[in-house]
Amino acid sequence: MPDIVTAAMIVIGDEILSGRTKDKNIGHLADMMTAIGIDLKEVRVVPDEEDEIVAAVNALRARYTYVFTTGGIGPTHDDITADSVAKAFGVPCEYDAKALALLADSYEKRGIEFNDARKRMARMPRGAEHIDNPVSVAPGFRIGNVHVMAGVPSIFQAMLDNVVPTLKTGTKLLSATVQCPYGEGRIGGPLAEIQKAHPDTIIGSYPKYADGTFWTELVVRARSPEVLEAVRAEIEAMVAGLTKEG
């Protein structure tokens, strides 16, 4: 059987839900997970509310191999992700000595006061491991199967680059595309039958429109190249059969 590894993402922040900030991290994580053979199965966007974050973390970490969070680990009062994740795991959230030293050194070199607000970025759940931040020093952290990272896209991407080599990866999904000259209404029935006959594949149907013409792009995904080719051929035969019917 193919080795299937799954992941979920929690995007944390009132600014995402209000529209003030447009998320750029979901697509990047999805691309990275697909590239290394991990199935991103679910994404949740939650507000800066402890109970909501705790509930999401506990629900998803029990369901998937990995959970990734973005946002809420900065220096301000509403950056409550570290406290919330600690509560989800039932451990204290406390200042991490290594993180304090890293931040203190960074601010000293820049001639900036290392005040209490900035020290907040050194807090993490007891027992958590650092996720290095090569952009702005303040680390993310991993506890259990949960990886907690910054919301700023450049920092999130840099942190994720450090996380990826530590992950268990699965068998990659392969894909093949069949262009169909008909709309979904014409192909819905027979396509559903093909999907039902091949539960080990994922068949996507994507309507297209250009220059006054509708057509459908059919994408089949499978972990076995043999299964992929067999189902692709079956879909092509289905489309050809509809063409003969007129």
Side-chain angles (χ1 to χ4, degrees), residues 5-18 20-34 36 38-96 99 120-169:
V5 181
T6 60
M9 183 179 192
I10 304 171
V11 180
I12 300 166
D14 295 336
E15 69 277 9
I16 300 292
L17 291 166
S18 71
R20 290 193 304 275
T21 299
K22 311 302 180 186
D23 177 82
K24 295 181 180 179
N25 295 326
I26 295 172
H28 182 76
L29 181 67
D31 286 343
M32 292 290 285
M33 294 298 98
T34 298
I36 63 175
I38 295 178
D39 292 354
L40 182 62
K41 304 291 285 185
E42 185 173 348
V43 176
R44 295 192 189 185
V45 184
V46 300
D48 294 306
E49 297 175 15
E50 184 179 83
D51 289 347
E52 295 293 334
I53 299 170
V54 170
V57 168
N58 280 335
L60 298 182
R61 72 186 178 98
R63 190 175 303 162
Y64 302 110
T65 313
Y66 298 115
V67 176
F68 302 91
T69 81
T70 67
I73 57 172
T76 59
H77 71 282
D78 59 344
D79 288 311
I80 61 171
T81 299
D83 296 90
S84 302
V85 173
K87 184 173 181 179
F89 278 85
V91 298
C93 186
E94 54 196 12
Y95 289 102
D96 178 87
R120 281 178 54 82
M121 293 186 290
R123 298 173 70 253
M124 57 186 64
R126 181 180 295 174
E129 299 177 1
H130 284 210
I131 297 173
D132 288 340
N133 172 3
V135 177
S136 60
V137 180
F141 60 84
R142 179 188 68 79
I143 180 169
N145 62 341
V146 179
H147 298 77
V148 177
M149 293 179 283
V152 177
S154 61
I155 302 176
F156 171 76
Q157 292 172 21
M159 286 183 173
L160 186 61
D161 286 344
N162 286 326
V163 168
V164 163
T166 72
L167 302 176
K168 171 187 175 184
T169 57

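FYI, side chains are in, hydrogens and waters are out, and symmetry mates aren't considered; it's all heavy atoms of this structure.
Judged by distance alone, the side chain of Arg142 and the main-chain N or O of Gly144 form a donor-acceptor pair under 3.5 Å. Without hydrogens or angle criteria, Arg63 side chain to Ala8 main chain gives no donor-acceptor distance under 3.5 Å. Under a 3.5 Å cut-off, the side chain of Ser18 and the backbone N or O of Glu15 do form a donor-acceptor pair. In this structure, the side chain of Thr70 does not engage the main chain of Gly151 through any donor-acceptor pair within 3.5 Å. In this structure, Ser84 contributes its side chain and Glu49 its backbone to no donor-acceptor pair below 3.5 Å.
Phe89 has its side chain within reach of Val146: a pair of non-hydrogen atoms, C-beta onward, lies under 4.5 Å apart. In this structure the side chain of Phe68 never reaches within 4.5 angstrom of the side chain of Leu40, judged on heavy atoms. Side-chain atoms of Met124 and Val148, non-hydrogen and from C-beta on, never get closer than 4.5 Å to each other. Side-chain contact between Ile36 and Val164: present, with at least one pair of heavy atoms (C-beta onward) separated by less than 4.5 Å. In this structure the side chain of Asp96 never reaches within 4.5 angstrom of the side chain of Phe141, judged on heavy atoms.
Note that the CD1 atom of Ile155 and the CG atom of Leu160 stand 13.5 Å from one another [nearest 0.5 Å]. For the atom pair CD of Glu42 and OH of Tyr64, the computed distance is 4.0 Å after rounding to the nearest 0.5 Å. How far NZ of Lys24 is from CD1 of Ile16: 10.5 Å, rounded to the nearest 0.5 Å. Atom CD of Glu50 sits about 10.5 Å away from atom OG1 of Thr81, to the nearest 0.5 Å. Going from atom CE of Met9 over to atom NE2 of His28 covers 9.5 Å, rounded to the nearest 0.5 Å. Distance OG1/Thr21 to CG/Asp23: 9.5 Å, rounded to 0.5 Å.
The heavy-atom pair separating Pro47 from Ile53 by the smallest distance is O-CG1, 3.8 Å. Of all heavy-atom pairs between Pro125 and Val91, the closest is CB-CG2, 3.7 Å. Shown here for Ala88 and Arg61, the closest heavy-atom pair between the two residues is O-NH2, 3.2 Å. Nearest heavy atoms, Ile73 versus Pro139: CD1-O, 4.4 Å. Of all the heavy atoms in Val46 and Ala56, the pair that sits closest is CG1-CB, 4.2 Å. Heavy-atom minimum distance, Gly140 versus Met159: N-CE, 3.2 Å.
Under the 3.5 Å distance criterion, with hydrogens and angles disregarded, a donor-acceptor pair is assigned to the side chains of Thr76 and Asp79.
The aromatic rings of His147 and Tyr66 stand perpendicular to each other, their planes meeting at an angle above 60°, with 30° marking the opposite boundary.
Put simply, the residue from Arg123, Arg120, Arg126 that forms a salt bridge (charged side-chain N to carboxylate O under 4.0 Å, His left out) with Glu94 is Arg126. Of the listed residues (Thr69, Val43, Val67, Asn145), just one forms a side-chain contact (heavy atoms from CB on, under 4.5 Å) with Leu60, and that residue is Val67.
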For Val11 and Asn25: C-alpha separation, side-chain torsions, deciding distance, then whether side-chain contact (heavy atoms from CB on, under 4.5 Å) applies.
CA-CA 8 Å; Val11 180; Asn25 295 326; 6.0 Å; no

